[in-house]
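We use all heavy atoms of the structure for the numbers below, so side chains are in, but hydrogens, waters and symmetry mates are not.
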Amino acid sequence: MNKYKIEIVTDADNLSRRAAEIFVDLASRAINEHGIFSVALSGGSTPKKLYALLAAEPFRSNIEWTNAHFFFGDERNVPPGSDESNFRMANEALFSKISELPPENIHRVAGEKAAVDAAGDYEQELKDFFRNELPRFDLVLLGLGADGHTASLFPDSPALEENVRWFVENWVEKFNSYRLTLTFPVLNNALTILFLVAGADKSEVLAQVLHGSEKNYPSQMINPTGGELRWLIDQAAAADEIR
Ligand code: 6PG
């Protein structure tokens, strides 16, 4: 894996707090520099506490919500009310608590649609927002699956080879279903990519992803072309790192 910055914090709560500090810092920098902050949120369970922290003080009043645009790095092919939905998780933890956040600043993936339509519609939304230029998110939040996946780029799935489309439907054999995900060209074009990894169950795969000789895992293909790659991990996940 190319150059990256690692920060190890004691536990999942401190990881969320540190992630919130980084989020606020990047948001204010982006808005000061180019008037807008675009972020692609990750799903799963790790970022939930981060989203809840952002909705509360001291972080909430330090974000210019009217200039912040929230996208999703990936989504499940389910309706927004499903307990599988990444949108639902972010909406319950964050969006629904921020009256200052204009609804048009929340760019939801229409997971309720047929996968190919949801992907095509979202790619069009990205083209509209980024004026047909390859999206350059100010921040992309990513998680790390125990199998080394990130976003919905799973091992041996077709989207790993996608280098033209920005957002695709990705058949995931083990789920026997589609997932919806940003592709590597967009992810790697971000200004900052921040992995959030917590828990002992991630220590083995994390050590492999960071130091493994072969490129066996999708997360190892995350290498920002011009931006920075940061890993924020708790001590439990860093166990193999610290040894
Ligand atoms: C998703 C996520 C996925 C997640 C990893 C880690 O839609 O589930 O985008 O890539 O980040 O699976 O999930 P945890 O943070 O819950 O371990």
Side-chain angles (χ1 to χ4, degrees), residues 1-26 39-54 59 71-76 84 86 89-90 93-94 137-155 157 159-160 170 172 174-175 179 181-182 184 186-188 190-224 227-243:
M1 178 156 268
N2 297 356
K3 198 168 51 56
Y4 56 83
K5 207 170 122 188
I6 278 198
E7 193 175 344
I8 300 174
V9 290
T10 46
D11 56 30
D13 280 350
N14 283 320
L15 181 139
S16 304
R17 228 182 319 282
R18 182 70 189 113
E21 289 167 359
I22 294 169
F23 186 102
V24 167
D25 175 55
L26 291 175
V39 54
L41 300 182
S42 73
S45 54
T46 304
K48 203 170 179 175
K49 175 93 172 118
L50 160 61
Y51 302 158
L53 283 177
L54 294 173
F59 303 106
F71 292 81
F72 287 84
D74 71 315
E75 184 54 283
R76 288 75 180 283
E84 286 289 303
N86 289 337
M89 183 271 278
L94 178 57
F137 284 102
D138 295 301
L139 172 61
V140 168
L141 291 173
L142 291 176
L144 174 66
D147 61 359
H149 81 265
T150 192
S152 281
L153 297 162
F154 286 83
S157 66
L160 298 184
N170 190 29
V172 185
K174 70 177 176 181
F175 298 140
R179 286 285 189 91
T181 187
L182 285 176
F184 287 119
V186 174
L187 294 170
N188 285 330
L191 281 171
T192 297
I193 298 173
L194 177 63
F195 271 97
L196 304 179
V197 188
D201 61 321
K202 302 289 174 74
S203 61
E204 196 180 326
V205 67
L206 179 66
Q208 280 296 314
V209 164
L210 293 180
H211 308 301
S213 44
E214 309 92 55
K215 290 229 176 260
N216 296 330
Y217 302 100
S219 297
Q220 289 173 300
M221 295 164 72
I222 295 293
N223 286 304
E228 61 167 350
L229 176 56
R230 301 175 69 165
W231 290 83
L232 186 56
I233 54 184
D234 73 355
Q235 280 174 353
D240 292 14
E241 274 298 293
I242 304 172
R243 199 171 293 148

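- In plain terms, the two heavy atoms of A238 and I8 that are nearest each other are CB-CD1, 3.9 Å.
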Worksheet item: Please walk me through it: do V39 and L26 pass side chain to side chain contact (heavy atoms under 4.5 Å, CB included)?
Response: CA-CA 10 Å; V39 54; L26 291 175; over 6 Å; no
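- Contact detail for L141 and S42: the closest heavy-atom pair is O-CB, 3.2 Å.
- In the model, S152 has no side-chain atom that pairs as donor or acceptor with a side-chain atom of N170 under 3.5 Å.
- Summarising the geometry, atom NZ belonging to K3 is positioned 8.5 Å from atom CG belonging to L229; distances are rounded to the nearest 0.5 Å.
- Counting non-hydrogen atoms of neighbouring residues, nucleotides and ligands closer than 6.0 angstrom, the CD atom of E204 reaches no more than 12 such neighbours.
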Run the side-chain donor-acceptor check on residues 191-203: report pairs under 3.5 Å with partners two or more places apart or on a different chain.
| from | atom 1 | to | atom 2 | distance (Å) |
| --- | --- | --- | --- | --- |
| T192 | OG1 | E228 | OE2 | 2.9 |
| K202 | NZ | L144 | O | 2.8 |
| S203 | OG | A200 | O | 3.0 |

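- Between atom CG of residue D147 and atom NZ of residue K174 there is a gap of 3.5 Å, rounded to the nearest 0.5 Å.
- Taking the six-membered ring where tryptophan is involved, the planes of H149 and F154 are essentially parallel, since the angle between them stays under 30° and well short of 60°.
- The heavy-atom pair separating T150 from G143 by the smallest distance is OG1-O, 2.7 Å.
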Discussion item. Checking F23 against F59 for the ring-ring contact (aromatic ring centres under 6.0 Å, His included) test, could you report, in this order, the C-alpha distance in whole Å, the side-chain angles of both residues, the deciding distance, and whether it holds?
Written reply: CA-CA 9 Å; F23 186 102; F59 303 106; 9.4 Å; no
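- Of the inter-residue distances, the one linking L142 atom CG with T46 atom OG1 reads 11.5 Å to the nearest 0.5 angstrom.
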